[in-house]
Amino acid sequence: MEEVADSDPALWKRPDSFGRFGKYGGKYVPETLMYALTELESAFYSFKDDPEFKKEINGILKDYVGRESPLYFAERLTEHYKRPGGEGPHIYLKREDLNHTGAHKINNAVGQVLLAKRLGKQRIIAETGAGQHGVATATVCARFGLPCVVYMGAQDMERQALNVFRMRLLGAEVRGVHSGTATLKDATSEAIRDWVTNVETTHYILGSVAGPHPFPMMVREFHRVIGIETRKQALEKWGGKPDVLVACVGGGSNAMGIFDEFIKDRDVRLIGVEAAGLGIDSGKHAATLTKGEVGVLHGAMSYLLQDEDGQIIEPHSISAGLDYPGVGPEHSFLKDRGRAEYYSVTDQEALDAFKRLSRLEGIIPALETSHALAYLEKLCPTLPDGTKVVLNCSGRGDKDVQTAIKYLEI
Amino acid sequence: MAVALKSTPSFLQLKKPETHFLLRNKPLIVSTKRFAPMASLTATRSLGIGETFSNLKKQGKVGTTPIAIFAAATRSLARGTNFEAITSMLKEVVPQVSCPIALFTYYNPILKRGIEKFMSTVKDIGVHGLVVPDVPLEETQVLRKEAVKNGLELVLLTTPTTPTERMRAIVEAADGFVYLVSSVGVTGTRASVSDKVQTLLQDIKETTTKPVAVGFGISKPEHVKLVAGWGADGVIVGSAMVKLLGEAKSPEEGLKELESFTKSLKAVLS
């Protein structure tokens, strides 16, 4: 269908009017949800360029969230990757970890809650893996006075207890989900069920660029401020563009947030890093784009980890936020078009990177972000001297200390 | 009504004076999201079946583990059962069943096998209809094409939140029967049936002569009477049966209760 416009990324429809990115995406949901999705899509399009809406969103992002987030030159990390002759890439970190609530998730939560208010919804629900999106949602609900229910896998609640506490302190109800592996995919299914049941009064703030249209597009749009700022900051700092962008990929929201602005710049390399868990061939990982096949999950056609029966394979990652057997449809599209490259790193490599950044830069990254950081070990030796690498530091790691304590000898 | 497999009529053909044909001959709605152990008690999954129970009992084909059904009736959108187990069970059951059979599945298991292969496999078993709740109208063309090729009827769903225009398009495209979802929400028993269903039923019947079956939350004879009184051609009962089986003390008792439950629903229509 799209073969003619294939070669120029600037001309790609991302998405088309059916909500598809090539063959990926779409709206594979029960009929009961179709109207809510249509309504959400119209609301988004009518507000996104509305000056009042933009003013309100930008005001909150600036004064409440703390944007712009800095683009930080990681001097000691750069030093670490210098080769014997002194050549190596220059590593910059886009500090989404410095946002209010400690991750990029808040960008989307702010946009969606403002949309929900304009739609007259009285109740907000969300799903969460690591808890950062749950915390972001609970935060904006407290800020805007809306009741909030967050679905979280029981296993995730255990490994991200700090975030569970935060959500409750912020006034949200956290509902543990015990089905399946009691992780993100199960929480997502439960949230969708709630939405199907309460669709007239409730807005579902989906936390990533997954799910049925319009979510993949809408969530990306609310996060693309990351890439927009990066372009401006790169110009200020070195008078050019980044050469390589690196980001971790679970559902894919922080990656789309930094990639989107640069997709049309073919000289900017886009690299996504997924979780290889116990190893890519161990059967215990979440490397959807590497090992998955195309199917339908949570309303979208995309790559997913499935068995011969078409049933979802339980994923594994040490990081709750990457522990998802699907991936946003736009990433599936970018992979197929060869516009973005996707790799994966193991739990152990992520833990090593977690420690490394802490020691070299005094920044404790989220375990999710640590996956992107871990990939630098393989990437940097291959990069010419002076290559500008911008890594999306999507979150901070306070929430991960309990997990890290179990695995690291400190 | 004993009908040999080859000449088993489609739903459309059956719809005539017997306005309650769907209930009397209860379509077998096999939900692949709930599954049951087969004859072997070591199997860990449960199958929720709406069926003519005397048939099943005769064959001793269903060994239900009450707890497993109930626990397995988790409603994760991506859950399913072992497709091979279902198809082999159906192959044996279908020839003995006197009513049309519809298969309920989510889209991914179909995609995984390939739409064409899935349709022909299902057709070979003797299934007549298909319900795929997570494929919206816009995406049904490919499915419908393959279904029609294999003589299968793709049932489509319409709900109380579906705008009228869209409802008409769905009704137009539906084969077999139109599945009118009686309430917003997910499957599960409910205390009463919304009277919005009455209006919707009227709207649909003004647009088409296709049979309309109402489902979601139907669990009592009163519901059936109400809905049939409003003009429904059929009533779909699922969760109430799965619940009954799940709460019974033994498979045998469960089946007995299911039989009397079904009879009580049918009685209301005669």
Side-chain angles (χ1 to χ4, degrees), chain A residues 17-20 23 25-39 177-182 185-202 211-213 293-302 304-314 325-326, chain B residues 32-33 35 45 71-86 105-114 118 131-140 156-167 169-170 174 178-188 190 216-217:
Chain A
S17 54
F18 289 106
R20 282 190 284 236
K23 69 179 189 203
K27 298 183 196 176
Y28 293 90
V29 294
E31 178 57 31
T32 319
L33 281 183
M34 290 301 288
Y35 183 64
L37 292 175
T38 310
E39 189 187 47
V177 178
H178 297 268
S179 48
T181 35
K185 78 167 191 343
D186 311 289
T188 307
S189 298
E190 209 50 44
I192 294 175
R193 289 184 67 76
D194 184 318
W195 202 31
V196 171
T197 309
N198 300 299
V199 70
E200 279 151 355
T201 59
T202 300
H213 179 67
E293 289 171 40
V294 180
V296 172
L297 175 64
H298 295 146
M301 172 104 48
S302 192
L304 51 118
L305 296 174
Q306 54 180 305
D307 64 17
E308 315 73 46
D309 236 12
Q311 302 311 325
I312 306 307
I313 292 178
E314 310 293 7
Chain B
T32 64
K33 70 175 170 170
F35 23 74
R45 299 162 167 200
T74 49
R75 294 158 268 167
S76 144
L77 290 176
R79 250 259 167 140
T81 187
N82 182 296
F83 189 68
E84 271 60 48
I86 295 215
T105 177
Y106 288 107
Y107 197 30
N108 208 49
I110 299 180
L111 274 179
K112 181 70 200 196
R113 277 162 192 86
F118 181 91
V131 182
V132 190
D134 61 343
V135 176
L137 180 65
E138 295 79 354
E139 308 280 359
T140 54
L156 297 183
L157 293 87
T158 181
T159 76
T161 57
T162 307
T164 315
E165 276 298 302
R166 190 180 168 80
M167 185 264 285
I170 290 172
V178 175
Y179 189 147
L180 172 57
V181 172
S182 64
S183 56
V184 173
V186 296
T187 78
R190 280 170 174 68
F216 272 43

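Letters A, B, ... are given to chains in the order of the sequence lines, protein chains preceding strands, and every chain is numbered from 1. Note that the coordinates shown come from a computational prediction; the quantities given were computed from them, not determined experimentally. All heavy atoms count here, side chains included; hydrogens, waters and symmetry mates do not.
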Might you work through the side chain to side chain contact (heavy atoms under 4.5 Å, CB included) test for A:E31 and B:V181, ending with a clear yes or no?
-> CA-CA 9 Å; A:E31 178 57 31; B:V181 172; over 6 Å; no
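Only the side chain of B:I170 comes within contact range of chain A, with heavy atoms under 4.5 Å apart. In this structure, the portion of B:P163 lying under 4.5 Å from any heavy atom of chain A is its side chain and not its backbone.
Contact detail for B:R113 and A:E308: the closest heavy-atom pair is NH2-O, 4.2 Å. Pairing each heavy atom of A:V296 with each of B:N108, the nearest pair is N-OD1, 2.7 Å. Between B:P136 and A:K27, the shortest heavy-atom contact is CG-O, 2.7 Å. Summarising the geometry of A:T32 relative to B:T161, their closest heavy-atom pair is O-OG1, 3.1 Å, with the distance given to 0.1 Å.
Residues B:L111 and A:M301 have side chains in contact (heavy-atom distance under 4.5 Å, counting atoms from C-beta outward).
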